[in-house]
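Remember, predicted model here, so these are calculated numbers, not experimental data. Only this structure's heavy atoms are used, side chains among them; waters, hydrogens and symmetry mates stay out. To find a chain, count down the sequence lines: A is the first, B the second, and so on, and within it residues start at 1.
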Amino acid sequence: MEINLVAVLLVFAAAVRLSVPIALAGIGATLSERAGVLNLGLEGMLLTGAFAAVATTWATGNPWWGVLGGIVGGMLMAWLLAVMIVQLGIHQAMSGIIIMLLGLGITTFLTGVVWGHRAQSDPVATLPTVSIPYLSQLPQVGVLFAGLSPILFMLIVIVIAAQVFVFRTSLGRKLSAVGENPDAAQSLGIRVQPLRFWVVIVSGALTGLGGAFLSISQVSVFSQNMSAGRGWIGLVAAVLGRRNPALVYLASLVFALGDAMQWHTRLNIPDHFLQMLPYVITLVVITTVSRRVPTPEALGRPFGASAEW
Amino acid sequence: MRIQRVRRRTSVALLSCALLLLGACSSPPSATPVAQSLRIAQVYQGTLGDESYNDAMWNGIVHAQQDFDLGYDYVESWAYPDMEGYLRDYAEAGEYDLIVVGSFQIEWALKQLAVEFPEQKFLSFNALVEAPNFISYGFRTEDGFFLAGLMAGQLTQTGTVGFITGTDNPYMDVNLSGLEAGVRWFRPDGQIIFDYVGSWTDTLKAKELALAQYNQGADIIFNIGSPLGVIDAAREQDKYLIGFMDVRHLAPEQILLSVAFDMEGLTYRTVQALREGRFEPVAQYVGLTEDAIFMAADTHPLVTEQVQARTQEVAARVASGEIVLPEGRAFVDEFLAQYAPISNQ
């Protein structure tokens, strides 16, 4: 197919949709990493959010409750992670991987309990889509403003709020202080542990919302392992975006664009190569750009009395 | 601080126990305790509820259970390397009259088991094992693709037919040649476009791929695996699908028809024969000729009897061996020149 304006717009529209769960997980990672907590459980939280959103919608019949359910589902997994990392001082990477695996296991298992088969849920109602008046009527560019998910608008608000929070509020600065040097922060009267605990919960809430986007905004079911690595990509987006919420969103959009381009243009590139591409980009990013990204000094290090674990 | 930490550890431990209890409460369907005349074990690749192979084999067993007294144990294997272990456990138990399995990825393991457990009878799909204790069927998948193509070629308005599946496999070129040959049989200017999701579980990506194909002019997509995302795309765009295995109930308005492999029937008939004391080892590819591949196409209003009849006419020529399907996409032109009517419209 020839590359024309319509094709470019369709690619962009698809990329915007695909960027949502990656960005929400990425901003969750940004916040918790700023506070010195490595959150490798994002993938599990995304899945749990997706599952909880469908289960709640199925039970109540209202997808808006489903959104709330997704957020709560993500928070529950995050709570477990926070208990392990902050309160018990268990190795952060280990805790994250446990949450990731638990998320996959528990959602598959519960799908079987609720719907009687394990591969996927029954279809449920989905969130309504929003078309922006006037803009969506425009010729050609209208596709960018039609059929949008309400969660996309929430994401925009979240990116702005996170940006303001991180750079313009005293709590945001305290967060960075905790991530850089928790001992110094504590000596200045910042309560390190509660801050770390709650920031993990918030990252779970954001990621859970991303899960709800997957399951009740884009499609109408939960299916086993439907997050398909987006939590991990979100983690990389956080690094690529230098843990700056707005840049993290851009990084998510880049990953999403890579995917969308692959499908909408029929370039003569082997399919397997394109499927590998996000991970190659990740590798390149990790070995080049991210080496120059300032990493919070205390990232991954447990703090306080619990460190003896 | 110490006490508080102990309490927290206790709460985590309690939570874990609660999860385990939850697991114990929802016990899987248990085998009936009384002595059965026939006991069957099955190892599934992936999980039940896949609306595909696994559910078809399951339906075959359920059908058999309605007719005969049957003991049935099964396990759902998440990762295919685990399957051999499960199979070995069932075989070593020595209490099953038949072990059923469907996975082409463990062919080597099955060949090994055939030798190690010569007394144990097996029914295998998609992996052919020539052994006196094996009944194994492979499917000539290109027959199914050809059927789908014949139908799509008649039903498409735009002439572009899409194909979406989970992952690529070594037979895909042959399969796609079947689809393309089918489409162009009735629609000489027709073309196919195809994409692989790269995963059997990524519903969102499957949907986006379907949207992309519809935007590129496809009005019918033949879909194998991950049907749910593709269905959402079809609904949004008000376009059509051809399903694989009978998935029509998932979206009766969008799914024009389904192409199915008769795993249900083959499973049922194997159990039935065993029940009558017969077990004839087979290692065979089956397809249109054996009536093992068929289409379920009698529900959608667009799929008229005439369309079905014209497809069946061609399919019958494949079944009889008169038409030999192409061996790859490079041979489609040659195939059409040899067999297809010059003008169809």
For B:R235, does the CZ atom have more than 12 heavy-atom neighbours from other residues, nucleotides or ligands under 6.0 Å away?
yes
Side-chain contact test, heavy atoms from C-beta onward, threshold under 4.5 Å: evaluate it for A:R230 versus B:L204 and give yes or no.
yes
Is the backbone of B:T203 close enough, under 3.5 Å, to the side chain of A:S223 for a donor and an acceptor to pair up by distance?
no
Check the surroundings of atom CH2 in A:W115: do more than 12 heavy atoms from other residues, nucleotides or ligands lie under 6.0 Å from it?
yes
More than 12 foreign heavy atoms under 6.0 Å from CD of B:E253: is that the case here?
no
Side chain, backbone, both or neither: which part of B:L228 has an atom under 4.5 Å from a heavy atom of chain A?
side chain
Could you measure the distance from the CG atom of A:L9 to the CG atom of B:N215? Nearest 0.5 Å is fine.
11.5 Å
Smallest separation among heavy atoms of A:Q224 and B:T201, with atom names
O-CB, 3.0 Å
For the residue pair A:L18 and B:E208, what are the closest heavy atoms and their distance?
CD2-CG, 3.9 Å
Flag if over 12 foreign heavy atoms under 6.0 Å of CZ, A:F12:
no
Please check this pair: side chain of B:K207 against backbone of A:V219, looking for a donor-acceptor N/O pair closer than 3.5 Å.
no
Has B:Y171 got more than 12 heavy atoms of other residues, nucleotides or ligands less than 6.0 Å from its OH?
no
Donor-acceptor pair, B:D232 side chain versus A:Q218 backbone, under 3.5 Å?
no
